[in-house]
Amino acid sequence: MKLEISLAKDAAVLAQRLCELERLQHPVWVFDLDNARILWSNESSLQVWQADSKEELLSRKMGTDMSVSVSERLNQYKTDFARDETAQFNEIWTMYPNGEPVTLNVVFSAYRLSPDRLCMFCEGVTEKAAGAETLRSSEALLHTSVHISLYSSAGTPLYRNPASRNVVSSATNKLQDHFVNPDLLRQLENPAEDEIQAITSVNTVNGVVWHDITARRCLDAVSGEAAWLISEVDVSKLKATEEHAQFLAEHDTLTKLPNRNYVSIYFQQQIDNVLTAGKSGGLLFIDLDNFKNVNDSLGHDAGDQLLVEVADRLRSLEKSQYSIARLGGDEFLLLINPIVSEQHLESIMQQIINVVSVPIILQGREVQVTPSIGVALFPDNGTQILDLMRHADLAMYHAKEAGKNDFAYFSKELSDAAESKMNLVSELRSALKGDQFETYFQPRVEVSSNSIVGAEALVRWNHPTLGQVQPGNFITACEESGLISELGKVVFKDAVVAQRIWAELGHDIRISVNLSPLQFNEEHLVDELLDIVKEHRGNPKKIELEITESVLLGHDRCTIDKLHRLVECGFEIAIDDFGTGYSNLAYLHRYPISCLKIDRSFINSMDSATPIIELIVSMAKLFDLYVVAEGVETPEQLEMLHKFYCQEYQGYLFHKPTDFKSFTALMSQHCNIAA
Ligand code: C2E
Ligand code: CA
Ligand code: CA
């Protein structure tokens, strides 16, 4: 016994005990858990281990070909003993000395060699002569990763397999200590339940984890009393994957902020809570001003970077009473729960404006974006998240229309206006189907001869109950709803048909048609216009397209190319309402334009605008453009145009816009056939 056991404090006592054990009939050995070696054995265990001598047995390195499950089991004994040195386990073990299975019923207990060294005392009680089935099932129970345990109906532990022992913080833990969710315990107490299955959180040495458990009512084989047999599998990883999937479904991948799905569930819950507490709150709809410009000019990556930065800045404001979400694009929501006072709310909005407006460097350039914010209050403006979002959105649009970088409150008037706009759009839609639009024509007159040389096509809506409605009341709604594209084509077709018929009557005048910016930007505009011209046998050389200066603003290649294609097809291009937009005469030579229409406002305020009119006319001559003065109402105005050699005019002085039939009659009186 030259063993390390002699290191133990009470070595003498142990030596004495070992001598007694030496004489025992059943095998006894001491196992070094740290080094996986036998430190001592009695004679009869030599047989079990099929060893020639004690020296040979003690020299065996058991760790070298040890299976993972056995080594895990040994580690676990170590943990078990570290927790409770008085613990004892009686288990059926199968060992494989020289590859042959030897099955023993072994009692394992701890023995401390030194303060930091623990070994295991193993005592083979009876050699098992059990059947193969029993041997395999007990092996399976020992080595499985499934946690199997038996509890009395009062919740006291009766048995735990190693996997189960491995995770409990104390061997005496009851079932009540194990489950985090008290509902499950209540279910177990219900005598009607025989089997319960659940995925639930449980307390373990590693903290709270998720287990998939099956609890089955049974009888304890020893006492015959009612018991619960519980098997558990750790599903924490699966649960984490599921939670991650859930996170992805409810969050925006770019900014990691909650998304629309999240908002519809959790924002509603928060609103409900505030309302139940008798308080009030606010929902802010935040939209970035001119975000599209950043995307268009610096690219989508820069746009994304900007959104992430804005999200972080908004997050930096997030306190326990705010929740932030991104709805998509450059739209964010902020829920304030609860609102203490109006000043409180407005100070939050001011903070948002302040943090968002701080310039950010994107691709080496300093970019500044500002927010427009719409507010809906609850319960005043609604209690349902979808209503509040709609209302806050409407208020945000109002803030944008009022000049951006500011906030606006939702009001009944806003929603009434929005509602009547919606009604208008649906009426316009059916008006298009029902042919309620009619194209009127206003003469364009040569200043020198006072004869009709052209006409502008102007749409009218023959409303079934309201009578004739002027375009000022519906063109904007058509543009906002996209209907302008269809309406524009109807007017264009009418213009082409009128031009052909009048030419056939000998009045081959030029007809101008208004093209809204939205129409101009349509991808297939040129082909569509050509198709209409072909179908109605029109002459594109006698059709002029009126565009506004805003179309030219971008100075981009696409615009220039499209204008050239239109001109190549024979159309002429006029700039409408000239002078009201950016009025940069210098850029005009870049575009294939043939006509400028001076806006009515200049003709109206003739005295103050005279120098401007004179300048426009003389510049236009320089660029070889002809000039049309719009809105001429008095002979004095016409006189001035004479003086400046302005070529054409249009106005009530000569004639108001009129229908096709009246215009045809008008031409027979005034038209210069040679035009
Ligand atoms: P616009 O293109 O500037 O058309 C000229 C407007 O001035 C017409 O108003 C015409 O009736 C009006 N006008 C002409 N002479 C005088 C005058 O001496 N005094 C006054 N006070 N007004 C005069 P209208 O027809 O009400 O059209 C308003 C606007 O609606 C048009 O302004 C144009 O921007 C738009 N619009 C009309 N028809 C169409 C269309 O088919 N397509 C598009 N996209 N816009 C259209
Ligand atoms: Ca026009
Ligand atoms: Ca005009």
Side-chain angles (χ1 to χ4, degrees), residues 145 167 179-184 197-213 232-276 281-288 291 295 300-338 348 351-352 355-356 360 371 373 376 378 383-390 392-393 396:
S145 62
V167 300
F179 294 134
V180 175
N181 180 357
D183 287 348
L184 209 63
Q197 284 198 336
I199 291 180
T200 186
S201 45
V202 295
N203 293 307
T204 71
V205 272
N206 309 318
V208 173
V209 300
W210 287 90
H211 278 185
D212 182 350
I213 75 140
E232 299 166 64
V233 177
D234 191 333
V235 289
S236 302
K237 273 195 191 137
L238 208 74
K239 195 78 185 163
T241 314
E242 194 181 291
E243 275 167 10
H244 186 59
Q246 176 86 355
F247 181 88
L248 289 182
E250 288 175 349
H251 289 77
D252 158 41
T253 44
L254 180 68
T255 62
K256 308 284 181 296
L257 283 178
N259 64 12
R260 197 178 280 271
N261 292 342
Y262 182 98
V263 165
S264 59
I265 302 168
Y266 301 104
F267 275 29
Q268 183 66 56
Q269 280 175 8
Q270 289 189 47
I271 291 167
D272 292 346
N273 293 343
V274 166
L275 295 177
T276 313
L283 184 73
L284 310 190
F285 199 113
I286 306 165
D287 188 284
L288 304 183
F291 173 71
N295 248 351
H300 284 271
D301 285 350
D304 283 356
Q305 204 184 326
L306 176 71
L307 290 173
V308 170
E309 176 63 28
V310 169
D312 286 345
R313 290 180 188 181
L314 291 176
R315 224 185 246 121
S316 74
L317 294 178
E318 199 168 17
K319 309 238 173 78
S320 56
Q321 320 93 297
Y322 314 163
S323 303
I324 296 171
R326 179 182 172 217
L327 286 182
D330 58 345
E331 295 172 348
F332 298 86
L333 276 188
L334 195 139
L335 185 76
I336 306 171
N337 252 346
I348 294 170
Q351 279 180 53
I352 294 173
V355 296
V356 173
I360 163 180
I373 307 172
F378 48 91
T383 57
Q384 298 304 303
I385 183 68
L386 291 182
D387 293 338
L388 291 165
M389 274 163 73
R390 219 164 13 89
D393 188 13
M396 184 279 291

Taking the side chain as every heavy atom from C-beta outward, state whether [X] and [Y] have any pair of such atoms under 4.5 Å apart.
X      : Y      : result
His244 : Thr241 : no
Leu238 : Asp212 : no
Val180 : Thr200 : no

Looking only at non-hydrogen atoms, find the nearest pair between [X] and [Y] and report the distance.
X      : Y      : result
Pro371 : Ile286 : CB-CG2, 3.8 Å
Leu314 : Ile324 : O-CD1, 2.9 Å
Ala392 : Ala376 : N-CB, 3.8 Å

**OP:** Using the six-membered ring wherever Trp is involved, compare the ring planes of His251 and Phe247 and label them parallel, tilted or perpendicular (cut-offs 30° and 60°).
**Re:**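 Parallel: the ring planes of His251 and Phe247 meet at under 30°.
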What pairs with [X] under salt bridge (charged side-chain N to carboxylate O under 4.0 Å, His left out), at least two apart in sequence or on another chain?
X      : value
Asp252 : Arg326
Arg315 : Asp312
Glu243 : none
Asp301 : none

Identify, with sequence neighbours excluded, every residue that meets side chain to side chain donor-acceptor pair (under 3.5 Å) alongside [X].
X      : result
Gln246 : Glu250
Asp272 : Gln268
Ser236 : Asp234

**OP:** For the pair Asp330 (side chain) and Leu307 (backbone), establish whether a donor and an acceptor sit closer than 3.5 Å, ignoring hydrogens and angles.
**Re:** no
Original post:
When you measure from the side chain of Asn261 to the backbone N and O of Ala249, does any donor-acceptor pair fall under 3.5 Å?
Top reply: yes
What distance do [X] atom [atom1] and [Y] atom [atom2] have between them, rounded to the nearest 0.5 Å?
X      : Y      : atom1 : atom2 : result
Leu327 : Leu333 : CG    : CG    : 4.0 Å
Phe332 : Leu284 : CZ    : CG    : 13.5 Å
Leu335 : Met389 : CG    : CE    : 11.5 Å
Leu283 : Gln270 : CG    : CD    : 10.5 Å
Ile385 : Ser264 : CD1   : OG    : 8.5 Å
Leu334 : Ile348 : CG    : CD1   : 7.0 Å

[X]: partners by side chain to side chain contact (heavy atoms under 4.5 Å, CB included), with sequence neighbours left out:
X      : result
Arg313 : Glu309, Val355, Val358, Ile360
Asn206 : Thr204
Asn295 : Phe291, His300
Leu275 : Ile271, Phe378, Pro379, Thr383

**OP:** Evaluate side-chain contact (heavy atoms from CB on, under 4.5 Å) for Gln305 paired with Val308, printing each intermediate quantity in order.
**Re:** CA-CA 5 Å; Gln305 204 184 326; Val308 170; 5.9 Å; no
Subject >> Worked verdict on Phe267 versus Leu388 for side-chain contact (heavy atoms from CB on, under 4.5 Å) >> reply: CA-CA 11 Å; Phe267 275 29; Leu388 291 165; over 6 Å; no
Subject >> For His211, all residues meeting ring-ring contact (aromatic ring centres under 6.0 Å, His included), sequence neighbours excluded >> reply: His147
